[in-house]
J.: 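One structure, as structure tokens, below. Some questions next.
Numbered from 1 within each chain, the chains take letters A, B, ... in sequence-line order.
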2 protein chains.
Amino acid sequence: MSRDSKLSGVLHLLLHMVQDRAPKTSETLAKAMDTNPVVVRRLMAGLRDHNLVRSEKGHGGGWTLACDPANVTLRDVYDALGQPALLAIANRNERAGCMVEASVNTALSKSFAEAQAILLVRFGELTLAMLSADIQKRLKQRGRLTKVKVHG
Amino acid sequence: MSRDSKLSGVLHLLLHMVQDRAPKTSETLAKAMDTNPVVVRRLMAGLRDHNLVRSEKGHGGGWTLACDPANVTLRDVYDALGQPALLAIANRNERAGCMVEASVNTALSKSFAEAQAILLVRFGELTLAMLSADIQKRLKQRGRLTKVKVHG
DNA sequence: TTTATAGTAACATTCGAAGTTACATGAGTC
DNA sequence: GACTCATGTAACTTCGAATGTTACTATAAA
């Protein structure tokens, strides 16, 4: 469990919720993600604070979407998760006064910043609605393939 | 110690070696990097296998540059380190047949690939000689500032 | 009152990067 | 040849982050 997969995981949950708007319990969502209900609640907590989802306690409660999928980008979701680190590599701590380290770190930092910026831009271009449409397309595609298989 | 700083660390070492071509022991290099000689040997092992540096055992031995700094890019160094992961975030493992997960992962993977590609391109544009020149500039700059300070 | 749900703190697990120890190997020096 | 200085490397330790788990509280509906 090294790489952070919170974004991937929480998008999975959100899109299941877009596909079916009935309230979902943490238990149900956990099963879809093959994990623990507490993990789900932790992931969703940030989204709730950013008004992307709502939660209801008690009987018949659960999680519901609180946003328009067409207006929410992956960038919004990423922000709601608390902007976890994007890059796995980083500079060593500078030793004060070492020009070599300063030079190396400056050069690397520029590349790092550029890569991060690209990621954030791409995230900002993708909405939940776009992904949802893609899912629909895939489902239709699979249906067609299944028929072909059955008929062939 | 979470983020990988091997590249930053090993560049630090290489550039010290560019600045002063006499053989350096792991002990000496470790001090420059504020770490342990064994860590240095581990970092340098990959570079040696890629013919970027040479090592000599025994009395008077140590590490020497085995390449032309003008012809070696950060990309070469990165490759010699074994191409450690660049991104800190990743997809969750796909559950076979879940179109939602498939769609999310595809979308994210495209952005991930683009960010990684940018990093590698930037690495490929920077040579050790360029960084070395930058260090020289910084050293001169510092000298000038020191003088001003002394005289002012 | 019981049951179903989220909220959350505390703890456990797992993994990878980095640091450390211990010892083997090889190359000069005396 | 014995000694010393170096790298080579396996094995272990330490540390932090992501994730998973347990246990409990609070709340809402039946």
J.: So, B/Thr64 versus B/Glu56: side-chain donor-acceptor pair below 3.5 Å or not?
T.: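 No pair is found: no donor N or O on one side chain lies under 3.5 Å from an acceptor on the other.
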J.: On DNA chain D, does the nearest nucleotide to A/Arg41 precede the nearest nucleotide to B/Arg92 from the 5' side, or the other way round? Give the residue.
T.: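 It is B/Arg92 whose nearest nucleotide is closer to the 5' end.
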J.: Does D/dG20 have OP1 or OP2 under 4.0 Å away from a side-chain N or O of A/Thr35?
T.: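 For D/dG20, OP1/OP2 do have a side-chain N/O of A/Thr35 under 4.0 Å.
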J.: So, is A/Ser55 close to the C/dT5 phosphate, meaning a side-chain N or O under 4.0 Å from OP1 or OP2?
T.: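 No, because none of the side-chain N or O atoms of A/Ser55 sits under 4.0 Å from OP1 or OP2 of C/dT5.
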J.: Report yes if some heavy atom in the side chain of B/Val40 is under 4.5 Å from a heavy atom in the side chain of B/Met44; otherwise report no.
T.: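 A side-chain contact exists here, since the closest heavy-atom pair is under 4.5 Å.
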J.: Of B/Pro84 and A/Gly58, whose nearest nucleotide on DNA chain C comes first from the 5' end?
T.: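 Final value for this comparison: A/Gly58.
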J.: Mind calculating the distance between CG (A/Asn91) and P (C/dA18) to the nearest angstrom?
T.: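 Result: 12 Å.
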J.: Looking across every strand, which nucleic acid part, if any, lies under 4.0 Å from A/Asp4 by heavy atom: base, sugar-phosphate, or nothing?
T.: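 Sugar-phosphate, no base atom in range.
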J.: Quickly work out the B/Arg42 CZ to D/dA11 P distance and round it to whole Å.
T.: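 These atoms are roughly 13 Å apart.
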J.: Considering just the side-chain nitrogens and oxygens of B/Arg48, establish if one lies under 4.0 Å of OP1 or OP2 belonging to D/dG8.
T.: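 Checking B/Arg48 against D/dG8: at least one side-chain N or O falls below 4.0 Å of OP1 or OP2.
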J.: Counting distance alone, no hydrogens or angles: does the base of D/dG16 have a donor or acceptor under 3.5 Å from a partner atom on the side chain of B/Arg3?
T.: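 By the distance-only test, no, there is no pair.
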J.: To the nearest angstrom, how far is B/Glu56 atom CD from D/dA6 atom C1'?
T.: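 Taking atom C1' of D/dA6 as the reference, CD of B/Glu56 is at 10 Å.
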J.: Base, sugar-phosphate alone, or nothing: which one does A/Arg54 contact when heavy atoms must sit under 4.0 Å apart?
T.: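 The answer is nothing, as A/Arg54 stays clear of every strand by at least 4.0 Å.
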J.: Side chains of A/Thr28 and A/Thr25: any donor to acceptor distance under 3.5 Å?
T.: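 Looking only at side-chain atoms, A/Thr28 and A/Thr25 do form a donor-acceptor pair, the distance falling under 3.5 Å.
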J.: By nearest atom, which of the nucleotides D/dT21, C/dA6, C/dT21 is closest to the A/Ser26 side chain?
T.: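 The answer is C/dA6.
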J.: Among D/dT7, D/dT19, C/dG7, which nucleotide has an atom closest to any side-chain atom of A/Lys57?
T.: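 Of the candidates, C/dG7 comes closest.
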J.: B/Lys6 has a side chain; which of C/dA17, C/dT20, C/dG7 sits nearest to it?
T.: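 Comparing C/dA17, C/dT20, C/dG7 against the side chain of B/Lys6, the answer is C/dA17.
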J.: How long is the line joining CG of A/Leu13 and P of C/dA6, in whole Å?
T.: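 Rounded to the whole Å, the gap is 12 Å.
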J.: Can you check whether A/Leu87's main-chain N or O pairs, donor with acceptor, with B/Arg3's side chain at less than 3.5 Å?
T.: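 A pair under 3.5 Å: yes.
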J.: How do B/Trp63 and A/Gly60 order along DNA chain D: which one's closest nucleotide is nearer the 5' end?
T.: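 With B/Trp63 and A/Gly60 compared, the 5'-side residue is B/Trp63.
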J.: Would you kindly give the CG-to-P distance between B/Leu47 and D/dG8, to the nearest whole Å?
T.: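 To the nearest whole Å, that distance equals 12 Å.
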J.: Rounded to whole angstrom units, what separation is found between the NE2 atom of A/His59 and the P atom of C/dA4?
T.: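 Rounded to whole Å, this separation is 6 Å.
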J.: Going through the checks in order, is the side chain to side chain contact (heavy atoms under 4.5 Å, CB included) test met by B/Tyr78 and B/Leu119?
T.: CA-CA 11 Å; B/Tyr78 170 76; B/Leu119 271 179; over 6 Å; no
J.: For A/Val38 and for B/Leu43, find the nucleotide of DNA chain C with the closest heavy atom, then tell me which residue's nucleotide is more 5'.
T.: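 By nearest-heavy-atom nucleotide position, the 5'-most residue is A/Val38.
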J.: C/dG19 C1' sits how many Å from B/Met33 CE, rounded?
T.: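 After rounding, the gap between these two atoms is 11 Å.
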J.: Nearest-Å distance, CG (B/Asn93) to P (D/dG20)?
T.: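 B/Asn93 atom CG is separated from D/dG20 atom P by 10 Å.
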J.: Quick check: closest heavy atoms across A/Pro69 and A/Val18, and the distance to 0.1 Å?
T.: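 Here A/Pro69 and A/Val18 meet closest at CG-CG2, 4.0 Å.
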